[in-house]
Engineer: 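After the structure tokens below, expect a handful of questions from me.
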Amino acid sequence: MTTNDVQIAIIGAGFSGLGAAIKLTQNGFDDFVILDRGTDFGGTWRDNTYPGAACDVPSRLYSYSFAQNPSWSRTYSHQPEIHRYINGVADRYAIGEKTRWRTEVTQARWDEATRQWTLDTERDGVTTQVRARFLVGAVGPLCEPNLPDIEGFDTFGGTIVHSARWDNDNDYTGKRVAVIGTGASAIQVVPELAKTVAHLDVYQRTAPWIVPRTERAYSGAEKWAFAKVPGFQNAMRGVVYGLNEATAFGLTYSPSALKPVELICRGNIARSIRSAELRTKVTPSFQVGCKRILRSNDWYPAIARRNVDLITDPIASISPTGIVTSDGVTHDVDVIVVATGFHVTDSPVFDKIIGVDGRSLAGVWDEIGMQGYKGSFINGFPNMMLMVGPSTGLGHTSMVYMIESQLNYLVDFVKTARAQDLTRVEVRLDAQRAYNADIQHEMRNSVWVNGGCASWYADKHGNITTLWPGFTFNFRKITRRFDIAAYDVLRRTTSSTPATTAQATETVSVTA
Ligand code: NAP
């Protein structure tokens, strides 16, 4: 088996993995490799190709600040354009040549003896090992499709497709189709399917709150101004950022301040649906913001169509011919689309990361909940930084802002490690505990805790461990510098005075 040694291994070539590669390169760190199971950049924006896939964060904000795009065609971008943008940025910084495609990381193990991570990778049936001094886990929280645990799921005789694994060679025109789920993906794919299928059954377990989508094409003059007028693009990005941040206040500290948003959502229903019965069915029973607030102009018109039925009877099982609801009726279909989300707090990826004492990330988080420090480091997993880790998700603005904050932290971490010749860096358990206690305290009045819904924002312990509470500029502030005092570190060479009492020094020889 071949073994390659690098300083830094990055798993994942989505927004965060690519961003990490660019920032490391810009700061003089060239000895890294990106490993990705796909064939090009984009991560979730490469994988989600279902009809209608689009972003519900405005285009102006949904790009790297250092590689803004004056040419976005619309105020909200669609998947193909975002996918092209990400690959264009990768080309500009020549990151493709540092990336191994079709390469699946089957396990990543911390080796205490050498102070390195060993990654087992597989490509076309060939196993290779990569040894790295530092590991950056940039796999993204929305990468592992969640298939619903419904009796008889495997017995269905037709086609089952998950929204995140769309097969664009299959044409569902004229077919009888069922969609399970009414989340962010479902509300985008249903209006597109409804246009061409013979009949569509939409299975709703929980109705979402939906605001109108104020999407339009940018004019040529606007695009010219974004490209040519100094400061205009940054200013507009700032305006969008500021407006979105206002929502963070309501979500985290004062859910009653979101009442106007609820009124807009109710107006959206009243305007779009005539039938009183259907209006009742689509009106949520939890506080707006408890689950992601969705954006659509065509969801309600789609489910009001003649060829579409919104089914709210719970699903009892799946038979070889269709879906059986709790009233005993079998709804026969040719195709079942499962738009049932992702394994976020229970991703299978967590089983593959093995830290100190052979403990997997899944095992550690099973015990203590999905905790980390600044969304980045986890006690028990030295020299590893997660991108979009615990408590970094958002319900109100662009994840790219959070990713760039983490990139600042990553670069300062790597610079510190190089300057101080650190061989082992592990966040202290007390620092991690205190950080998570603060996060949960900050969450206490939030709509996610008190809004009366069940969501994937909570881990199995019932804590909201996927979301960042409050304003994103506070996260930017705490990730500006690598705060070594929160870490236990070991150095390659002995030194007379450790930087903090928690730090130790030693002499170890590492192939790095
Ligand atoms: P999701 O928001 O988690 O929605 C999953 C849907 O499936 C929910 O309606 C859920 O119902 C339903 N469901 C799950 N298991 C079920 C079962 N066993 N039986 C019946 N219904 C079931 O997943 P998603 O729509 O894929 O979106 C996930 C995340 O991806 C979003 O929150 C967002 O962050 C991101 N996303 C973003 C965009 C964008 O525009 N930027 C677009 C798509 C996705 P319950 O609500 O009752 O659980």
Engineer: Taking the six-membered ring for Trp and the full ring for Phe, Tyr or His, determine whether the centres of Y409 and F475 are under 6.0 Å apart.
Structural biologist: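 No; F475 has its ring centre 6.0 Å or more from that of Y409.
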Engineer: Ignoring hydrogens, what is the shortest heavy-atom contact between A108 and L119? Give both atom names and the distance.
Structural biologist: CB-CG, 4.0 Å
Engineer: Do V161 and N170 have side chains that get closer than 4.5 Å, going by heavy atoms?
Structural biologist: no
Engineer: Do T321 and D332 have side-chain atoms, one donor and one acceptor, less than 3.5 Å apart?
Structural biologist: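 A pair is found: one side chain offers a donor N or O, the other an acceptor, under 3.5 Å apart.
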Engineer: If you count the non-hydrogen atoms of other residues, nucleotides and ligands that lie under 6.0 Å from CD in E151, is the total more than 12?
Structural biologist: no
Engineer: Once rounded to the nearest 0.5 Å, what's the spacing between atom CG of L410 and atom CG of L24?
Structural biologist: 5.0 Å
Engineer: Go through S455 and R292 one step at a time and tell me if the side chain to side chain donor-acceptor pair (under 3.5 Å) criterion holds.
Structural biologist: CA-CA 9 Å; S455 76; R292 190 179 179 87; over 6 Å; no
Engineer: Between the side chains of D357 and R359, is the shortest nitrogen-to-carboxylate-oxygen separation below 4.0 Å, so that they form an ion pair?
Structural biologist: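 So R359 does not pair with D357 through a salt bridge.
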Engineer: State the CG-CG distance between L490 and L422, to the nearest 0.5 angstrom.
Structural biologist: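 If I round to the nearest 0.5 Å, the distance is 9.0 Å.
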Engineer: Using 0.5 Å steps for rounding, measure from the OG1 atom of T397 to the CG atom of N244.
Structural biologist: 4.0 Å
Engineer: Find the distance between SG (C55) and CD (Q188) and round it off to the nearest 0.5 Å.
Structural biologist: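 The CD atom of Q188 is 8.5 Å from SG of C55, to the nearest 0.5 Å.
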Engineer: Can you name the closest pair of heavy atoms from D351 and S360 and give their distance?
Structural biologist: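 For D351 versus S360, the nearest heavy atoms are O-CB, 4.0 Å.
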Engineer: If you look at every heavy atom in M402 and T392, which pair is closest and at what distance?
Structural biologist: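 Smallest heavy-atom distance, with atoms named: CE-O, 3.5 Å.
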Engineer: Would you call the rings of W166 and Y50 parallel, tilted or perpendicular if under 30° counts as parallel and over 60° as perpendicular?
Structural biologist: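 Rings of W166 and Y50: perpendicular, as their planes differ by over 60°.
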Engineer: So, F473 versus Y401, ring centres under 6.0 angstrom or not?
Structural biologist: no
Engineer: Could R131 and D111 be called an ion pair, given the rule that one side-chain N must be under 4.0 Å from one carboxylate O?
Structural biologist: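 Answer for the salt bridge query: no.
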Engineer: Salt bridge or not for R102 and D124, using N-O below 4.0 Å?
Structural biologist: yes
Engineer: To the closest 0.5 Å, what do you measure between CZ (R418) and OG1 (T416)?
Structural biologist: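 R418 CZ to T416 OG1: 10.5 Å, rounded to 0.5 Å.
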Engineer: Which atom names give the shortest non-hydrogen contact between A13 and D36, and what distance separates them?
Structural biologist: N-OD2, 2.7 Å
Engineer: Nearest 0.5 angstrom please: T103 OG1 to R123 CZ, how far?
Structural biologist: 5.0 Å
Engineer: Salt bridge between R176 and D201, side-chain N to carboxylate O under 4.0 Å?
Structural biologist: no
Engineer: Would you call R491 and D421 a salt bridge, using N to O less than 4.0 angstrom?
Structural biologist: no
Engineer: Any idea how F377 and Y487 line up, ring-wise: parallel (<30°), tilted (30 to 60°), or perpendicular (>60°)?
Structural biologist: perpendicular
Engineer: So Y62 and W45, ring-ring contact (aromatic ring centres under 6.0 Å, His included) or not? Walk me through it.
Structural biologist: CA-CA 12 Å; Y62 209 77; W45 290 107; 5.7 Å; yes
Engineer: Are any of the side-chain heavy atoms of R424 and W110 separated by less than 4.5 Å?
Structural biologist: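 R424 vs W110: side chains touch.
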Engineer: Does NZ or CZ of K415 fall inside the cone over F482's six-membered ring, less than 6.0 Å from its centre and within 45° of the axis?
Structural biologist: no
Engineer: Restricting to side chain to side chain contact (heavy atoms under 4.5 Å, CB included), what partner residues turn up for S446, sequence neighbours left out?
Structural biologist: M443, W448, V449
Engineer: Taking the side chain as every heavy atom from C-beta outward, state whether S16 and Q406 have any pair of such atoms under 4.5 Å apart.
Structural biologist: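 A side-chain contact is absent here, since even the closest heavy-atom pair is not under 4.5 Å.
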Engineer: Taking side chain to side chain contact (heavy atoms under 4.5 Å, CB included) as the definition, give me every residue that meets it alongside T206, ordered by chain and number, with sequence neighbours left out.
Structural biologist: F286, K291
Engineer: For W468 versus F471, what's the shortest heavy-atom pair and its separation?
Structural biologist: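 Scanning both residues, the minimum pair turns out to be NE1-O, 2.8 Å.
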Engineer: Can you name the one residue among T159, V337, V333 that meets side chain to side chain contact (heavy atoms under 4.5 Å, CB included) with V177?
Structural biologist: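 It is V337; the other options fail the test.
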Engineer: State whether Y64 and K23 meet the cation-pi test: NZ (Lys) or CZ (Arg) under 6.0 Å from the six-membered ring centroid, and within 45° of the perpendicular axis.
Structural biologist: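 Checked: cation-pi criterion not met.
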Engineer: Could you tell me whether D31 and R133 have a side-chain N and a carboxylate O separated by less than 4.0 Å?
Structural biologist: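 Looking at R133 together with D31, the answer is no, because their closest N to O distance does not fall below 4.0 Å.
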Engineer: Give me each pair satisfying side chain to side chain donor-acceptor pair (under 3.5 Å) with a member in residues 77-86, each pair once, sequence neighbours excluded.
Structural biologist: D40-H83, S59-S77, S73-E81, H78-E215, H83-N87
Engineer: Apply side chain to side chain donor-acceptor pair (under 3.5 Å) to the pair D171 and T173, showing each step before the final yes or no.
Structural biologist: CA-CA 6 Å; D171 180 8; T173 304; 2.6 Å; yes
